[in-house]
There are 2 protein chains.
Amino acid sequence: MSHTLMVVAHPRTDSLTAQVAAGLQARIRDGGGTVDVLDLYAERFDPRLHPEDEPDWENRDKRYSAEVHAHMDRITAADDILVVFPVWWYAPPAILKGWIDRVWNYGFAYGRSTPRLAAKRMLWLGLAGATAAEYARDGLDTALDTQLRVGISEYNGITASAVRLLHGTELTGVPVHVRPARVRETLAAAEAARQEVLGDGRQHYTSRRTPQRGTALARVEATS
Amino acid sequence: MSHTLMVVAHPRTDSLTAQVAAGLQARIRDGGGTVDVLDLYAERFDPRLHPEDEPDWENRDKRYSAEVHAHMDRITAADDILVVFPVWWYAPPAILKGWIDRVWNYGFAYGRSTPRLAAKRMLWLGLAGATAAEYARDGLDTALDTQLRVGISEYNGITASAVRLLHGTELTGVPVHVRPARVRETLAAAEAARQEVLGDGRQHYTSRRTPQRGTALARVEATS
């Protein structure tokens, strides 16, 4: 069975993001898979890149900080990478951006004639307060999909990757008696996205190598 | 004359980003303007948003952390906001993303019937290693422009805003004797972008309120 690295990026353990992450962990384990949970806030990950973790374009075998190499090892060990995060400013929280900045480094994630991470599958699962229509109006859905899927996953050779947004996940204005149903719906949509993109450890999802803009996101909205 | 808040986000003081920032500061002061330099690394800004700085959707007058209010005061005092940063993964470095996450908060930057920051001008000036053609190929230029200009500046009511990229700014592979000319070209392009977007304290640049995707970035590339 497959081994999943689940990256979680929310400051509160009682958040909907944390609930979705916990629900997905249970489903993966129910299916016989294993999960390494990387809770960036709980592990006090520092997203600020300092010179010791800057790429050296003349040395792809540069030794980065010990912390970064420990994170690289967790990525290497995974078949699937599942990133669960709230969408802030139509983008990942800083703590998650910095995990990419520091860990997905030259010589490890990219810069090899044979990409080392190419066989992995990757799902970016974002909890978005706004509706799908609000994201689509100014192209903010396409922007996020392009940055994460094309600009990060595919840049590192991971073609089996996708961005999925769970919309309407800000429950402040939702009547209390309606919230449990909304939470269940969100969990179900999250699990559907996981099944589609990461499968059950046997099937293999592949995104288009050269995607048509806009079409990938249409699929996002259909799942939430 | 105008007062500029210049936000800088690079871990090294000898970086090309730092040189561009220093050059722009000198030009602003030569023109009679004043500058508040916010060097996020030098000030050890922590980009991780914690619950004390989470928006409370039921209280737009929430008191955030003292550090965040100090940053808000610096924004309030500025006529122009000039952000100088290296583009990492087709996006701002984590330390800059977290400055937005924490400081551009509900009730201050957005969530008022009359946006408080609407009269300001804002320039996102990114130093990009890749060429304009490489950014354009998969729409990563449009994605970055959409996220920063539409998703942040315009979301907060700042219509006089733009994203400008200075391309080809990775000088590792450039012969040493050619580099001084490349640095001068980069500084000149940066100053041209500043003049265009932030003007001389009298003229007023206004971006389209509802931009046509792709066209804004054509202007970016023309300046660099």
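So that the names make sense, note that chain A is the first sequence line, chain B the second, and so on, each numbered from 1. This is a predicted model, so every value here is computed, not measured.
- Of residues 46-62 of chain B, those residues lying under 4.5 Å from chain A by any heavy-atom pair are B:Asp46, B:Pro47, B:Arg48, B:Leu49, B:His50, B:Pro51, B:Glu54, B:Trp57, B:Glu58.
- Each of B:Ala91, B:Gly98, B:Ala94 has some count of heavy-atom pairs under 4.5 Å with chain A, and the biggest count is that of B:Ala94.
- Looking at A:Trp99, neither its backbone nor its side chain comes within 4.5 Å of chain B, counting heavy atoms on both sides.
- A:Lys97 and B:Pro92 make their closest contact through NZ-O, 2.9 Å (heavy atoms, listed as atom of the first residue, atom of the second, distance).
- Only the backbone of A:Phe45 comes within less than 4.5 Å of a heavy atom in chain B; its side chain stays farther off.
- For the options A:Ile95, A:Leu148, A:Asp101, A:Ile152, heavy-atom pairs under 4.5 Å to chain B are most numerous at A:Asp101.
- Atoms CG and OG1, from B:Asp141 and A:Thr146 in turn, are 10.0 Å apart once rounded to the nearest 0.5 Å.
- Of residues 7-20 of chain B, those residues with a non-hydrogen atom less than 4.5 Å from any non-hydrogen atom of chain A are, in numerical order, B:His10, B:Pro11, B:Arg12.
- For an aromatic pair to be called close, the ring centres must be under 6.0 Å apart, and A:Trp88 with B:Tyr155 fails this.
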